[in-house]
Amino acid sequence: MTDPSNAAIADLFDELGDLYELDGAVVHRVLAYRNAAKSVREAPRSVAAMTREGKVTELPGIGRTLEEKIEALLDTGTIPAVEKLRARIPAGLVEMTRLPGLGPKRARKLYDELGIDSLESLRAAAEAGKLRDVRGFGQKFEESVLAAFAAGAGDAPRPRVLLSKALDIGEGIVAALRAHPASDRVELAGSARRLTDSVKDLDIIATASDPPALLAAFAGLEVIESASSPGENAARGATHNGVAIDLRVVEPDQFGNLLQHFTGSARHNMALREASVRKGLHVSEYGILDDADGKTRRCEREEEVYALLGLPWIPPELREDRGELALRDGDVPALVEQGDLKGDLHMHTVLSDGRGTAEDMALRAREMGLEYIAITDHSASHGFGDHVSADELRAQIVAIRELDERLEGIRVLIGTETNIGTTGRPDYDDDLLAELDWVVGSIHTSFSMDVGSMTDRMVAAIEHPLIDVIGHPTGRKIEKRAPYAIDMDRVIEAAARTGTMIEINSAPDRRDLNDVNARAASQAGVPIVINSDAHGPETMVHTRWGVATARRAWLTKGDIANTLPWEEFAPLRKRAR
DNA sequence: GCCGTTTTCGGCCCGACTGTTTTCAGTCG
């Protein structure tokens with residue numbers, strides 16, 4: 001039996017939280033399970049392995065009881081509490097709580113009183129007019145249930161929006177509002193400001209000389225399909241392509257408090273407030289209440305909020321309750337910036353599935369201020385009809401050398417993105433790989449291998465002396481495709497041992513490695529490379545998204561190998577050592 | 001169920017809104 005993945009264990013803890021909540025457990029116990037689920041999901045190592053080593057309680061939120069539950073899972077393949085609760089609580093109750101206004105308490109009540117145990121039976125009861133007779137419910141609730149079903153509740157929840165698309169919309173709206181004469185300060189908040197992989201909606205905070213005028217201007221923007229006013233100083237809108245946007249206009253002296261509050265994350269804010277209460281300070285979106293004098297202090301700037309709590313300003317990308325509240329003045333990492341990158345070592349041309357020539361790519365790179373690039377077209381067995389034979393690659397070596405001679409101000413290197421076969425072998429001969437400057441090894445096929453075989457395959461590739469870097473190491477597509485099963489502990493260990501670099505692929509739907517794994521890899525001493533994986537000159541700017549992930553991984557310029565000039569980067573390649 | 005510069009018990013963020021209630025519990029972000 002293979003070990004359960006961290007994701008599988010986390011899912012079970014989340015399910016236990018849901019089931020205990022429906023069972024009427026105290027809210028803190030439910031929260032403890034959800035905390036534990038988050039902690040397991042983000043653990044940098046295999047939680048199963050940590051459990052066997054007796055180290056799992058080192059993870060925040062995992063105590064003796066949850067350790068026992070993981071042990072039972074490893075020994076028997078199941079957790080007794082899960083089985084017991086599943087037998088008692090119908091799975092449909094969890095789905096019912098997805099309806100707006102229906103939480104665990106009331107869903108449970110409907111089950112106890114009317115035997116409603118699914119979305120279908122809830123709908124039938126609402127249509128039959130039975131809900132209004134339950135004490136605590138009424139006609140309005142019944143109507144809202146029917147309205148929710150009419151609006152498509154119960155269908156698959158709307159997918160989250162990719163950050164690249166969300167920022168495109170959000171930054172456009174912010175720019176338009178800033179240009180309006182009634183506006184003063186306008187900032188994007190929420191998860192978009194934290195540069196998460198995807199976002200549910202957008203939050204914008206503003207101050208204005210004439211708030212109603214700014215709210216009206218927002219509602220009248222071209223991109224806004226519909227807007228409503230939930231309050232005097234707020235607007236809620238949706239774009240034509242279905243992205244929800246909240247705009248809040250506040251007094252200038254509270255702007256810092258609101259921006260901090262709406263930037264989140266919820267967990268960061270919760271942890272921040274808990275720590276503050278111990279100092280007699282109560283943080284809310286309106287200010288900081290000091291027990292000592294009973295006064296609430298308002299903050300114009302976000303820096304003041306953190307300063308009043310005895311903390312340095314924390315970059316939004318770090319606000320995930322991953323240790324950032326322990327930072328003190330002077331040890332906040334100076335996060336890497338896109339302008340720090342000097343090279344881009346993964347991109348495609350018309351030779352495989354790209355849209356530009358090598359020269360197109362080089363000229364664009366030079367415009368962007370890069371000092372060197374590697375052309376890394378797909379290899380011989382790519383399988384999508386655009387593969388590059390060994391002979392074609394040999395011809396490309398000559399062509400790229402000639403291009404590099406001819407072009408001033410940019411160094412053009414020749415590489416490949418070679419496929420890692422199921423045994424971990426690259427699909428060109430070693431003598432050809434040895435002629436190249438740089439080799440990216442990536443997995444593009446056979447995603448469904450079991451975790452042991454997939455990890456063996458990857459480790460074999462990492463141990464190959466001519467594979468310099470592993471490209472998009474988990475194969476995930478954000479909101480579309482889960483990462484393939486792979487033991488990241490072993491991958492990181494092998495990379496650190498062999499001096500193989502690991503890529504943060506910047507394609508906006510990849511960002512692979514993700515923030516958590518990139519942080520773990522870097523802490524283990526693996527050199528990280530941020531690459532665009534551009535398939536045309538216009539997508540070379542995608543490194544913005546890879547940099548965003550690196551920042552969320554707490555990485556500095558010094559942690560990213562391709563911030564070095566080529567003369568210093570070249571000796572770090574495995575082939576040069 | 002976790003956790004500790006209030007440490008092995010008694011705490012565990014903050015505020016708004018809603019609908020159903022006679023003063024508030026549940027839900028949501």
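We name chains A, B, ... by the order of the sequence lines, and we start the count at 1 in each one.
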Please give the distance between the [atom1] atoms of [N] and [M] as a whole number of Å.
{"N": "B:dT6", "M": "B:dC12", "atom1": "C1'", "value": "13 Å"}
{"N": "B:dT23", "M": "B:dG29", "atom1": "C1'", "value": "25 Å"}
{"N": "B:dT20", "M": "B:dG26", "atom1": "C1'", "value": "11 Å"}
{"N": "B:dT5", "M": "B:dG1", "atom1": "P", "value": "24 Å"}
{"N": "B:dA16", "M": "B:dG11", "atom1": "P", "value": "26 Å"}
{"N": "B:dT21", "M": "B:dT27", "atom1": "P", "value": "15 Å"}
{"N": "B:dT7", "M": "B:dC2", "atom1": "C1'", "value": "13 Å"}

Looking only at the side chains, is there a donor atom on one of [X] and [Y] sitting less than 3.5 Å from an acceptor on the other?
{"X": "A:Glu67", "Y": "A:Thr57", "answer": "no"}
{"X": "A:Asp512", "Y": "A:Thr474", "answer": "yes"}
{"X": "A:Glu320", "Y": "A:His268", "answer": "no"}
{"X": "A:Tyr306", "Y": "A:Gln260", "answer": "yes"}
{"X": "A:Arg552", "Y": "A:Asn514", "answer": "no"}
{"X": "A:Thr263", "Y": "A:Arg193", "answer": "yes"}

(request) Would you mind checking if A:Arg301 and A:Glu304 are paired as a salt bridge, meaning a charged N to carboxylate O distance below 4.0 Å? (result) yes
Can you tell me how far [atom2] of [N] sits from [atom1] of [X], to the nearest Å?
{"X": "A:Leu102", "N": "B:dA25", "atom1": "CG", "atom2": "P", "answer": "19 Å"}
{"X": "A:Phe262", "N": "B:dG29", "atom1": "CZ", "atom2": "P", "answer": "12 Å"}
{"X": "A:Leu22", "N": "B:dG26", "atom1": "CG", "atom2": "C1'", "answer": "14 Å"}
{"X": "A:Ile79", "N": "B:dG1", "atom1": "CD1", "atom2": "P", "answer": "12 Å"}
{"X": "A:Leu258", "N": "B:dG29", "atom1": "CG", "atom2": "C1'", "answer": "13 Å"}
{"X": "A:Leu66", "N": "B:dC2", "atom1": "CG", "atom2": "C1'", "answer": "8 Å"}
{"X": "A:Asn35", "N": "B:dG1", "atom1": "CG", "atom2": "C1'", "answer": "10 Å"}
{"X": "A:Glu68", "N": "B:dG1", "atom1": "CD", "atom2": "C1'", "answer": "12 Å"}

(message) Both A:Asp246 and A:Arg64 contact DNA chain B. Which one's nearest nucleotide lies toward the 5' end?
(response) A:Arg64
(message) When you measure from the side-chain N and O atoms of A:Lys69 to the phosphate of B:dG1, is any distance below 4.0 Å, counting only OP1 and OP2?
(response) yes
(request) Summarise how protein sits on nucleotides 9-22 of chain B as a single string, 5' to 3': B when a protein heavy atom is under 4.0 Å from the base, S for sugar-phosphate-only contact, - for no contact. (result) ---BBBSS--SSS-
(message) Please give me every residue in residues 162-173 of chain A whose heavy atoms get under 4.0 Å of an atom in DNA chain B, ordered by residue number.
(response) none
(request) Provide the Watson-Crick or G-U wobble partner of B:dG10, both distances under 3.5 Å; none if there is no partner. (result)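 Pair assignment: B:dG10 / B:dC3.
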(message) Could you tell me if the side chain of A:Leu327 sits less than 4.5 Å from the side chain of A:Leu318, heavy atoms only?
(response)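 Yes, side chains in contact.
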(request) Please examine the side chains of A:Leu162 and A:Val199, heavy atoms only from C-beta on, and report whether any two atoms are closer than 4.5 Å. (result) no
(request) May I ask you to say what A:Tyr33 touches in the nucleic acid, namely base, sugar-phosphate or nothing, with a heavy-atom cut-off under 4.0 Å? (result) sugar-phosphate
(request) Give a yes or no on whether the backbone of A:Lys109 and the side-chain of A:Asp112 come within a donor-acceptor separation of less than 3.5 Å. (result)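 Side chain of A:Asp112 to backbone of A:Lys109: no pair is present.
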